[in-house]
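So the structure is just underneath, and the comments pick up after that.
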Amino acid sequence: MKNLVMGVATGYSWHDIEPFVISLRKNCPNADLVLFADGFSSFTLKCLSKYGSIRIQPIPENLESMSIVCARFFMYKNFLDSHTEYERIFITDTRDVIFQEDLFSFYTQYKDFLLCATESELIKNEIVNTSWLVQFFGENEYHKIKNNPIICAGTIYGSRAEMTMLFDNMIKFLKQNTMWGSDQATLNYLIHNKLFPIENFIESSVHSGKIFTLGILQSFKISGEKIVYPNSEVPAVLHQYDRHNSINQIVDRIYREQSLQPNENFTDIHSAIDQTFYLVQRKNWSAATQYFMNYVFFDKPKLKLYCDKFLKLDELIAQKYESDAEMLFLAIQKVLAKNFANISLKQAKNLCELFLKAEKNIQAVNGSFRTYIAKVFRDVINIVYEQEDKRLCLDYFKRFETCNLKFDKDFYFKQAEIYREFGKKDEALKAYEKALNAD
């Protein structure tokens, strides 16, 4: 019987999933890989083809209206039902997961088993998971299981029988609740309440086990080229590793190709953006700038389709910034300023954050982009003030003080109002003075 890894990669480029694929092929040589995804670029498909047979399954139309974190369980179930040759199955996130050892070489003593990875917090101590459980199952059910650790829905490993049973039970509930977060809430509800029989349940925790969910934990060690538990045990799988720069550096060195050059055969904008990501990751600024200017910058009719990718690309450049990156950075800023007037609050906040990062490295940022950022920042402040934590506005004001942005009268009046509300009289007076002198 065969081993199977299944994951969702829709919306990702080769840059996003490269460490996942390369580490899987290096450390789990006897596992088949199925990726559920729509819209891979030609560049990404070409890169994937170099790593053996990878089956790419489209997202079914009848599941497109469902949150992808819920839809994936329906896809996993359907695929497994029609492929009886697989006995051991690992379902996993893809962008923030790498393999350090062969997961399928462990737990061979069990015919049937289910392994779940737990996070560092108890349910009751983590506001997001608490809100999901209350929203989808109610206060009473939440209180029954709140003292248990959070089980992560992003990585689950088991035998065919146990995984099939899990999928069947998950789907019963996910048919009713298809929103983001209902998958993890349902998993915790099922497992902690023992609502279906599990033969050999195994918990992989943040202290020991074969799947290590790092999150924001600092309790790990680096041993050579591997990330290990504080007790020096080596986990086969690392999840959420990308929140740690020290680990990212190791992953980039070991699990990314270093030799690929731009392929001029890929001139579609999607592939051009993906190749630009690839070159920026390797700090090949000359080739990245040339490629972006030739195949992306002037393809204006299609630019608006790729707002999220431009934001991610600009953030990656800000992280890896060197003086040779300035032309590319400014070119992307110009694209953002001219083409994305209507972006979501999340995108706007991300844009503000990357601008703040870039300010640390760049002496002079494009003037038209500064004007655009000022407008975005004003809108962010208004929405944050109305819908989120008002104190966050104060944090934004402080962080943007040194950025030399010019705002309009309405913004400064709003700033003064917020300062006054929090008893900051001196700051409020300064804001009023700026409002009176603004154009």
Side-chain angles (χ1 to χ4, degrees), residues 3-28 31-61 63-80 83 86 89-99 103 117 152-157 167 180 183-184 211 213 237-243 248 251-252 255-257 260 266 268-278 281 305-313 315-316:
N3 304 320
L4 175 64
V5 175
M6 292 191 284
V8 172
T10 196
Y12 290 160
S13 66
W14 177 240
H15 164 79
D16 296 309
I17 59 175
E18 181 181 15
F20 173 81
V21 173
I22 292 178
S23 66
L24 171 66
R25 286 295 183 239
K26 180 177 180 179
N27 295 308
C28 301
D32 289 349
L33 174 59
V34 176
L35 294 176
F36 295 87
D38 282 333
F40 277 150
S41 69
S42 300
F43 172 77
T44 295
L45 289 171
K46 180 70 174 178
C47 292
L48 283 168
S49 70
K50 298 193 314 188
Y51 290 92
S53 177
I54 299 174
R55 186 163 186 156
I56 298 169
Q57 294 284 110
I59 309 297
E61 288 185 11
L63 297 177
E64 287 179 351
S65 62
M66 186 182 296
S67 172
I68 193 65
V69 295
C70 299
R72 58 183 172 175
F73 287 93
F74 293 80
M75 296 186 289
Y76 296 158
K77 162 71 173 168
N78 291 339
F79 187 88
L80 198 58
H83 292 80
Y86 296 108
I89 299 95
F90 179 49
I91 61 172
T92 178
D93 292 349
T94 53
R95 184 190 55 77
D96 59 354
V97 169
I98 59 165
F99 299 82
L103 178 64
C152 179
T155 53
I156 307 173
Y157 175 42
F167 294 158
W180 187 274
D183 63 318
Q184 188 148 304
I211 300 176
T213 305
V237 174
L238 278 183
H239 185 204
Q240 298 175 356
Y241 71 85
D242 60 329
R243 306 177 191 189
N248 284 331
V251 169
D252 289 348
Y255 297 124
R256 290 191 187 276
E257 293 180 281
L260 186 70
F266 296 126
D268 63 284
I269 184 171
H270 194 179
S271 288
I273 294 171
D274 283 358
Q275 289 196 76
T276 305
F277 264 109
Y278 188 94
Q281 176 66 43
L305 299 174
Y306 298 99
C307 180
D308 284 331
K309 283 187 176 289
F310 282 117
L311 289 168
K312 289 178 182 177
L313 180 57
E315 186 171 3
L316 181 64

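We use all heavy atoms of the structure for the numbers below, so side chains are in, but hydrogens, waters and symmetry mates are not. By convention here, the first residue in the shown sequence is residue 1.
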Do [X] and [Y] make a side-chain contact, defined as non-hydrogen atoms from C-beta onward lying under 4.5 Å apart?
| X | Y | answer |
| --- | --- | --- |
| Asp32 | Arg55 | no |
| Leu48 | Leu35 | yes |
| Ile89 | Ile91 | yes |
| Cys28 | Asn3 | no |
| Trp180 | Ile68 | yes |

Locate the shortest heavy-atom distance separating [X] from [Y]; write the atom from each residue and the value.
| X | Y | answer |
| --- | --- | --- |
| Met75 | Pro60 | SD-CD, 3.5 Å |
| Ser41 | Ser271 | CB-OG, 3.5 Å |
| Ser13 | Asp274 | CB-OD1, 3.0 Å |
| Val5 | Ala31 | CG2-CB, 4.1 Å |
| Ile56 | Ala37 | CG2-O, 4.1 Å |
| Tyr86 | Leu4 | CD2-CB, 3.5 Å |

I'd like to know if the side chain of [X] and the backbone of [Y] have a donor-acceptor N/O pair within less than 3.5 Å.
| X | Y | value |
| --- | --- | --- |
| Thr94 | Ile17 | no |
| Thr92 | Thr155 | no |
| Asn27 | Phe99 | yes |
| Glu18 | Glu257 | yes |
| Gln240 | Thr213 | no |

If you measure from [atom1] on [X] to [atom2] on [Y], what distance do you get to the nearest 0.5 Å?
| X | Y | atom1 | atom2 | value |
| --- | --- | --- | --- | --- |
| Ile269 | Ile273 | CD1 | CD1 | 4.5 Å |
| Tyr157 | Leu103 | OH | CG | 5.0 Å |
| Phe20 | Leu33 | CZ | CG | 5.5 Å |
| Thr276 | Phe310 | OG1 | CZ | 8.5 Å |
| Cys47 | Gln275 | SG | CD | 7.5 Å |

Qualifying residues under side chain to side chain contact (heavy atoms under 4.5 Å, CB included), relative to [X], sequence neighbours excluded:
| X | value |
| --- | --- |
| Asp93 | Arg72, Asp96, Val97, His239 |
| Glu64 | Asp38, Ile59, Glu61 |
| Leu316 | His15, Phe277, Val280, Gln281, Gln319, Lys320 |
| Lys77 | Asp81, Thr164, Phe167, Asp168, Ile171 |

Test Leu24 against Phe90 for side chain to side chain contact (heavy atoms under 4.5 Å, CB included), laying out the working first.
CA-CA 12 Å; Leu24 171 66; Phe90 179 49; over 6 Å; no

In chain order, what residues pass the salt bridge (charged side-chain N to carboxylate O under 4.0 Å, His left out) check against Arg95, with sequence neighbours excluded?
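By the salt bridge (charged side-chain N to carboxylate O under 4.0 Å, His left out) rule, Arg95 matches Asp242.
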
Output all residues satisfying salt bridge (charged side-chain N to carboxylate O under 4.0 Å, His left out) with Asp16, sequence neighbours left out; order by chain, then residue number.
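With sequence neighbours excluded, Asp16 shows a salt bridge (charged side-chain N to carboxylate O under 4.0 Å, His left out) to no residue whatsoever.
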
Considering the options Tyr51, Phe40, Phe43, which one meets the ring pair (Phe, Tyr, Trp, His ring centres under 6.0 Å) requirement together with Trp14?
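It is Tyr51; the other options fail the test.
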
Using the six-membered ring wherever Trp is involved, compare the ring planes of His83 and Phe79 and label them parallel, tilted or perpendicular (cut-offs 30° and 60°).
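Correct class here is parallel.
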
Test side chain to side chain contact (heavy atoms under 4.5 Å, CB included) applied to Val8 and Tyr76, step by step
CA-CA 10 Å; Val8 172; Tyr76 296 158; 3.9 Å; yes

Taking it one step at a time, do His270 and Lys309 satisfy side chain to side chain contact (heavy atoms under 4.5 Å, CB included)?
CA-CA 9 Å; His270 194 179; Lys309 283 187 176 289; 3.5 Å; yes

Please assess Thr10 against Phe36 for the test side chain to side chain contact (heavy atoms under 4.5 Å, CB included), listing each intermediate value before the final yes or no.
CA-CA 7 Å; Thr10 196; Phe36 295 87; over 6 Å; no

